[in-house]
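Inspection log for the structure reproduced underneath, given as structure tokens.
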Amino acid sequence: MTLSSPNHDASLEVVLRTLKEAGAPVSGEALAARLGLTRAAVWKRINRLKAKGYEISGSPRRGYQLLACPDLLLPAEITQDLKARYLRGPIHHFPTVSSTNDLAKDLGRREAPEGTLVVAEAQSAGRGRLGRGWDSPPGVGLYVSLLLRPPLPPTELPQITLTAAVSVARVLRRAAGLTPGIKWPNDLLLNGKKVGGILTEMETELDRIRHLVVGLGLNVNNREFPPPLTDTATSLALATGRPFSRLKLLQAWLEEFEELYDRFLARGFPGILEEWKNYTVTLGREVRVRQGLGEVQGKALEVAPDGALLVQTRTGEIVRVTSGELAPGPGDNPEAPGLA
Ligand code: BTN
């Protein structure tokens with residue numbers, strides 16, 4: 001897919017913003033003057049907004065009035081009232097893409113600035129960690145990728161990933177009043193089931209990160225999951241019995257992540273790691289970690305300052321695990337949720 005210019009809908013966004021801010025009918029003439037367009041061109045844009053799901057009344061005497069907005073992640077909606085200072089675009093929004101991470105990486109190669117965001121209503125080939133897929137049905141989840149250009153060596157990638165997990169945990173707490181868990185390194189859990197995940201991917205140059213993409217998948221209003229996710233995945237709506245605004249959650253994520261990312265760049269990882277530990281369900285548990293062809297078994301003792309998981313095996317040896325899939329080990333409490 002070719003990338004659309006983030007500004008290609010700029011006039012549409014101005015129409016929308018004007019109608020929203022007015023909260024009352026706005027004449028076609030006033031809109032035309034504001035946009036420097038003809039009234040016929042305004043009418044075309046009104047129809048395009050209607051086609052996207054906005055309810056707009058129109059009468060020749062009173063003008064156009066916005067009656068209801070769909071829960072769409074349009075750029076103008078995302079930036080409106082967004083408090084994030086620089087993680088706020090340019091925003092590329094698509095009804096469907098293969099994977100927002102792939103598009104964001106492509107933009108990274110083309111020198112797009114830090115804060116560039118790729119947002120999709122659905123993904124046809126959403127990707128998870130370790131080569132898995134990410135279920136991305138239309139309109140119910142958040143499928144977002146953020147481009148970063150941290151002035152850091154590649155070895156700091158795991159710390160940024162853990163920082164992203166903390167930012168999502170904060171969002172679930174702040175925006176939804178929920179108490180999430182984090183399964184190392186960055187699975188977000190509610191009631192022991194997976195509600196969100198993060199896929200960070202980077203391109204490097206000698207010993208520095210050239211660009212980095214943080215891809216967030218969050219199950220928001222999903223009512224069901226296909227097998228084999230039926231018993232292991234959940235959504236905010238399933239966990240609480242009520243729907244959530246994906247827009248508000250996305251705005252909250254950009255704000256929380258920016259605050260943590262600033263802190264990480266200014267003061268490093270230790271404070272953020274402490275916060276990560278407050279959320280984690282992993283430490284102290286008996287775990288098995290599949291790594292390539294091998295497997296490490298033991299007790300998840302600690303997370304090292306660089307984000308690696310330290311596992312103590314039965315022989316007492318402490319093994320550093322930097323990636324892999326965590327599962328309950330023999331002897332793990334079957335009642336304790338979250339590792340399966
Ligand atoms: C995981 O395996 O837990 C990570 C899932 C990450 C999914 C998100 S959805 C937006 C972005 N685009 C992708 O293809 N993957 C990430």
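Just follow the structure's listing: the first ligand is 1, and inside any ligand the first atom is 1.
- Annotation: ligand 1 has protein neighbours S99, T100, N101, Q123, G126, R127, G128, R129, W134, Y143, V144, S145, D187, K194, G197, I198, L199, G215, L216, G217, each with a heavy atom less than 4.0 angstrom from the ligand.
- Using the six-membered ring where Trp is involved, F264 and F269 have ring planes that are perpendicular, over 60° apart on the 30 and 60° scheme.
- Identified under the side chain to side chain donor-acceptor pair (under 3.5 Å) test for residues 134-148, with sequence neighbours left out: T100-S145, N101-S145, Q123-S136.
- As a member of the Ile/Leu/Val/Met/Phe/Trp/Tyr network built from side-chain separations under 4.5 Å, V213 groups with L147.
- A side-chain donor-acceptor contact under 3.5 Å links R88 to the backbone of L82.
- Ion pairing between E201 and R127 holds under the 4.0 Å rule for side-chain N and carboxylate O.
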Using residues 221-229 as the side-chain source, report each donor-acceptor pair under 3.5 Å to any protein atom, sequence neighbours left out, with the distance given to one decimal.
from : atom 1 : to   : atom 2 : distance (Å)
N221 : OD1    : F244 : N      : 2.8
N221 : ND2    : F244 : O      : 2.8
N222 : OD1    : V220 : N      : 3.1

